[in-house]
Each structure stands twice: as structure tokens, then as C-alpha cells.
Amino acid sequence: TTLLFKSQGCVPRTSEMNHFLRYCTSMNIVILAAGMGKRMHSRLPKVLQPLAGRPMLDHVLSAVDALATEKVVVVGHCAQEVKDHYEGQSGLRFVLQMPQLGTGHALMQAWPALDKAQSHTLVCLGDVPLLSSATVEKMKAQAKGDDLVLLTVNLDQPKGYGRIVRNAQGQVTSIVEEKDATDEQRAIREVNTGIMLLPTARLDGWLKRLSNDNAQQEYYLTDLIGFAAQDGVAISTVQPDHVYEVEGVNSKVQLVTLERVWQRAQAQRLLEAGVTLIDPDRIDIRGELVCGRDVEIDVGCIFEGHVELADGVRVGAYSVIRNAKIEEEVEILPFCHFDGATVGKASRVGPYSRLRPGAELKGNNHIGNFVEVKKSVVGLDSKVNHLTYIGDADIGQRVNVGAGTITCNYDGVNKFRTVIGDDAFIGSDTQLVAPVVVGAGATIGAGTTLTRNAPEGKLTLSRARQMTIEGWTRPTKK
Ligand code: UD1
Ligand code: CA
């Protein structure tokens with residue numbers, strides 16, 4: 001395979017090679033997601049309910065992503081909404097299960113969509129979001145020939161789950177659902193997680209044998225395990241590293257419980273990588289946070305989308321940072337809000353600064369309290385320290401923007417740019433009515449409404465002349 005992969009770049013792949021590659025690396029994946037989720041009490045379909053900012057189904061798709069290029073998702077309740085959500089995303093195939101007659105019935109609906117050449121078919125559940133890719137890899141590694149691999153866990157409180165029934169030799173012989181179980185079977189603590197790797201070639205025959213002659217009058221996927229044992233198919237089991245990986249979500253209570261588990265696991269990962277978290281229970285990562293060395297994050301921060309914090313970055317308390325790149329040694333003071341921004345080396349931003357999409361600070365900048373920057377470049381060593389709006393602007397190096405400065409970038413219909421040259425000084429309370437250019441080294445007097453370009457190196461100001469009225473007295477109460 002090494003040779004094969006090496007040659008991919010220069011030699012066009014033949015269809016046989018493609019087939020071989022797929023055979024080596026792939027399997028069928030079926031995700032059951034047709035159930036209702038009544039206990040969520042929400043209009044949003046259950047599998048779209050967010051965990052760490054992403055739908056639960058996204059987490060399942062990520063866990064199995066490396067195993068197959070195409071995933072089959074069985075949808076039923078709110079099927080259209082789920083399909084619409086993934087509109088345009090490649091590698092997903094939706095199969096409708098209507099009505100929902102059980103997990104076995106769900107797999108029956110998926111069967112026509114499966115690649116019969118794949119030796120195994122992995123079944124996952126759309127409402128079991130924290131399944132790890134390590135666990136599915138472990139299942140895959142254990143699969144051989146046409147055997148069957150079950151993911152099971154031992155629970156002190158197995159109530160509600162299907163129980164794993166083993167014979168005297170310890171071999172799995174069946175799974176019995178709680179509602180169909182004898183008292184003796186209910187005492188079994190090893191339970192079915194619902195996640196299993198099935199031999200594809202056997203599926204058609206087994207699915208045809210399913211009946212709904214049971215306590216719930218459903219077609220049980222779990223009955224396939226009994227068929228496998230009867231047919232002499234080897235059944236082995238794998239345990240996940242953490243029980244939370246196989247916990248299902250039926251209510252907001254369970255969802256938030258797993259959210260905390262996930263957040264704690266992310267915090268743990270950061271701490272182990274050397275990041276200083278003032279309190280690992282008070283950080284939320286809804287996406288991907290990449291940190292360099294000696295990064296320090298104070299309490300209450302939320303990271304969304306893809307965020308990079310380079311070496312030595314310090315993030316003050318209660319900041320919300322989304323899709324941002326923060327370069328070395330930047331200090332973010334508390335209560336900042338960034339979205340789609342880049343902050344250059346050694347800058348100091350905040351407290352209470354807002355950087356909106358397209359804000360690009362080149363480095364060593366000071367952005368202070370109640371300053372908003374949008375779609376603007378702020379050059380090296382420039383400072384915008386207080387109460388200012390910078391929108392659609394190009395600011396050069398070593399510029400000082402005084403308090404209360406506003407770029408008037410919008411005429412109600414169109415947006416215009418403001419350009420400020422290197423070493424310019426913008427006096428406080430200035431309105432820059434765009435399009436307008438402030439030349440390099442120009443000084444703008446405080447309180448100016450700049451409607452025409454200000455020349456380089458000179459003082460420009462627009463200001464009513466100050467006067468004092470002699471002999472004026474304050475009115476008195478009549
Ligand atoms: C199922 C298992 C049980 C296991 C438990 C783990 C069966 C018969 N039982 O029980 O052994 O311990 O999961 O959580 O398989 N779904 C469909 N279509 C259907 C029914 C369900 O797509 O017709 C989907 C649901 O959306 C859900 C999953 O399958 O994601 C499991 O369904 P659920 O009703 O929760 O199964 P359980 O009865 O809890
Ligand atoms: Ca369930």
C-alpha cells in the first residue's frame with residue numbers, strides 16, 4: 001500500500017486501484033436517526049440538537065469519517081429538516097424510514113443503499129454523539145472474515161438496555177431487550193450499546209428472517225445477533241475507553257450532561273498539552289482550539305469555529321472568540337468579542353473590544369475599550385484606544401486614532417473605504433466621512449468632520465470658531 005499511495009500523485013489511478021483502495025480502507029456505515037426525540041420538547045430534530053456547537057449527528061459523522069467515503073443516514077421524523085441541514089454536503093446518503101418499525105426495520109431500509117462488496121457494515125446511532133474514532137477503529141481492527149463485532153459496556157444500572165446473553169463458554173448467543181427479558185436476564189450487567197459491525201454478506205438473509213413478534217412489536221436489530229450465533233458466525237465484543245462514548249441522548253438533561261463531559265475532555269486535552277486554564281470547568285470549546293506553548297486562558301471564555309492561539313497568548317476572562325488567529329504574545333484583556341479576525345504579534349486588545357469579520361491587526365497594536373473594528377487593516381504599531389468605530393478602513397503604521405473617532409463608511413446604500421497613511425494622528429471625536437484619505441503624517445484636529453482628503457504632513461480641522469459672550473447671565477427661576 002505504501003507504493004500505491006506514493007504513486008497517487010503522478011500516476012492516474014485505474015478503477016481496479018480505486019476498488020482496491022476502497023476495499024482496504026472502507027466499509028458500509030449506517031447511522032440510525034429516524035427516531036422522534038419527543039422528550040427534547042423542541043421543534044429542532046433530535047439529531048440536529050447541538051453538542052459543543054455542532055449537531056449530534058455531526059459528531060457521529062466525524063467519528064466514522066475515516067472509515068468510509070459514503071455514509072448512509074436513516075431518517076424518519078423531521079426527515080426533510082435533517083436532509084436540508086446537510087444539503088450540498090458530499091458523502092452522505094439519506095434513506096427514509098416511514099413509519100419507524102424498529103431498529104431492524106431501519107436497517108432493512110438502508111440495505112438497498114449499501115455496497116454489497118464491503119465485508120462489514122457498521123451501525124451507529126445518531127443520538128449517541130460521543131462515540132470516538134478510536135473505538136470504531138478498535139472494532140474495525142477486530143473484524144475478520146464474516147464475523148460480527150459488538151460494542152458493549154458493563155453498567156451498574158443496566159435498566160432500559162438490551163442485555164448481552166452469553167453461554168457457559170462465554171460466547172455471545174443473543175441480545176435480549178429489557179422488555180422481553182426474564183428476571184435472570186435482567187440481572188446481566190453487560191449491555192448492548194446499539195453500535196455493531198455486521199458481516200454484509202449475511203445481512204440480506206438475516207433481515208428477511210426478522211419478525212416483530214416481541215413485547216414492543218418492533219423489528220429488532222438485536223435479533224440479528226441470535227441469528228449469527230445460530231449460523232455459527234463468530235461474535236466478539238469490544239469495550240469503549242469511556243462509558244460516555246456510548247451514552248444516548250433523549251432529553252436536554254442528558255444532552256447537557258454529555259456537553260459537560262465533552263468540555264471537560266477538551267479542557268483535559270489542553271492541560272495535558274501545556275495550556276494553562278485557570279479553571280478547566282469554566283471554558284467552552286465549540287469547534288477547534290489550537291494552542292501554542294505557554295498559552296493562558298482565564299475563566300468563562302468561549303471558543304467557536306476554528307481558533308488559533310500562538311505561543312504566549314493570554315486570554316482574559318469572559319471573552320468570546322470565534323474563527324480567529326491570534327499571533328504570538330498577544331494579550332487579550334477581559335470581555336472581548338472576536339469573530340473572523342486576525343490579531344498580530346504582541347498586540348494588546350481589550351477590555352471590551354469587538355473585532356468583526358475582516359479585522360486584521362498587523363502587530364503591536366493597542367485596541368482598547370469599546371472599540372469596534374470591521375473589514376479593516378490596522379498597520380504595525382498603530383493604536384485605537386477608546387470608544388471608536390473603524391469600518392472598511394486601511395490604517396497604516398504608527399497611527400494614533402483618538403477617542404470617539406468614527407469612520408462613516410455607510411451612506412445607507414453603499415459602503416466606502418477610509419484610508420489613513422502612516423504616522424497620521426487622528427484627534428478625538430473625529431468623523432471620517434468615506435470615501436476619504438488622510439495622508440501620511442497628517443494631523444486631524446479634535447472634533448473634525450472630515451469630508452475631503454486631508455493632505456500629508458499638515459494639520460486639517462473643521463471646527464466652528466469658539467467664542468465667548470460677554471455680559472451673558474444665567475436665567476433665574478421665574
Ligand atoms: C436500542 C437497542 C438496545 C440498546 C439501545 C442502546 C434494539 C431493538 N434495541 O434500544 O438493545 O441497548 O438501543 O441505546 O435495537 N431508530 C430508528 N428507527 C426505528 C427505531 C429506532 O432509526 O424504527 C433509531 C433511533 O433514532 C435511535 C436508535 O435507532 O437513534 C435507537 O433507538 P431507540 O428507540 O432509542 O432504541 P432502544 O429501544 O433504546
Ligand atoms: Ca434509546
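In listed order, ligands and their atoms are each counted from 1.
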**OP:** Output the list of atoms in ligand 1 that are nearer than 4.0 Å to some heavy atom of Thr193, sorted by atom number.
**Re:** 6 (C)
Original post:
With a 4.0 Å cut-off, would you call Asp392 and Lys415 a salt bridge?
Top reply: no
**OP:** Could you tell me whether ligand 1 has any atom less than 4.0 Å away from a heavy atom of Val191?
**Re:** no
Original post:
Based purely on interatomic distance, does Asn250 place a nitrogen or oxygen under 3.5 Å from a nitrogen or oxygen of ligand 1?
Top reply: no
Original post:
Salt-bridged, Arg163 to Asp180, with N to O below 4.0 Å?
Top reply: no
Subject >> ligand 1 contacted by Gln97 (non-hydrogen, < 4.0 Å) >> reply: yes
Original post:
Is Val74 near ligand 1, meaning one of its heavy atoms is under 4.0 Å from it?
Top reply: no
**OP:** Would you verify whether the NZ or CZ of Lys208 falls within 45 degrees of the ring axis of Trp111 while also being under 6.0 Å from that six-membered ring's centre?
**Re:** no
Original post:
Is there a donor in the side chain of Arg282 and an acceptor in the side chain of Gln263, or the other way round, less than 3.5 Å apart?
Top reply: no
Original post:
Do Thr152 and Thr237 meet the criterion of a side-chain donor-acceptor pair at a distance under 3.5 Å?
Top reply: no
Subject >> Side chains of Gln97 and His105, donor plus acceptor under 3.5 Å >> reply: yes
**OP:** Examine Thr103 against ligand 1 and note whether any of their N/O atoms are separated by less than 3.5 Å.
**Re:** yes
Original post:
Got a donor-acceptor contact below 3.5 angstrom from the Ser211 side chain to the Asp213 backbone?
Top reply: yes
Original post:
Hey, looking at atom 19 (C) of ligand 1, which of Pro158, Gly102, Gly248, Gly35 has the closest heavy atom?
Top reply: Gly102
**OP:** Can you see which heavy atom on Gly391 is nearest to which on Thr407, and at what distance?
**Re:** N-OG1, 2.8 Å
Original post:
Backbone, side chain, both or neither: what part of Gln216 comes under 4.0 angstrom of ligand 1, heavy atoms only?
Top reply: neither
Original post:
Any N/O of Leu32 closer than 3.5 Å to an N/O of ligand 1?
Top reply: yes
Original post:
Going by atom types alone, do Ser42 and Gln49 pair a side-chain donor with an acceptor below 3.5 Å?
Top reply: yes
**OP:** Run the numbers for me: atoms of ligand 1, each under 4.0 Å from some heavy atom of Asn192, listed by number.
**Re:** 2 (C), 3 (C), 4 (C), 6 (C), 11 (O), 12 (O)
Original post:
Cut-off 3.5 Å, side chains only: do Asp84 and Gln80 have a donor facing an acceptor?
Top reply: yes
**OP:** With heavy atoms of Gly162 as the reference, note each atom of ligand 1 found under 4.0 Å away.
**Re:** 3 (C), 4 (C), 11 (O), 12 (O)
Original post:
Just distances here: any N/O of Tyr161 and N/O of ligand 1 closer than 3.5 Å?
Top reply: no
**OP:** Could you list which atoms of ligand 1 come closer than 4.0 Å to a heavy atom of Tyr220?
**Re:** 8 (C)
Original post:
Near Ala33, which atoms of ligand 1 are under 4.0 Å from a heavy atom of that residue?
Top reply: 22 (O), 26 (O)
Original post:
Short N/O distance, under 3.5 Å, between Ala34 and ligand 1?
Top reply: yes
Original post:
Between Leu101 and ligand 1, which part of the residue brings a heavy atom under 4.0 Å of the ligand: side chain, backbone, both or neither?
Top reply: backbone
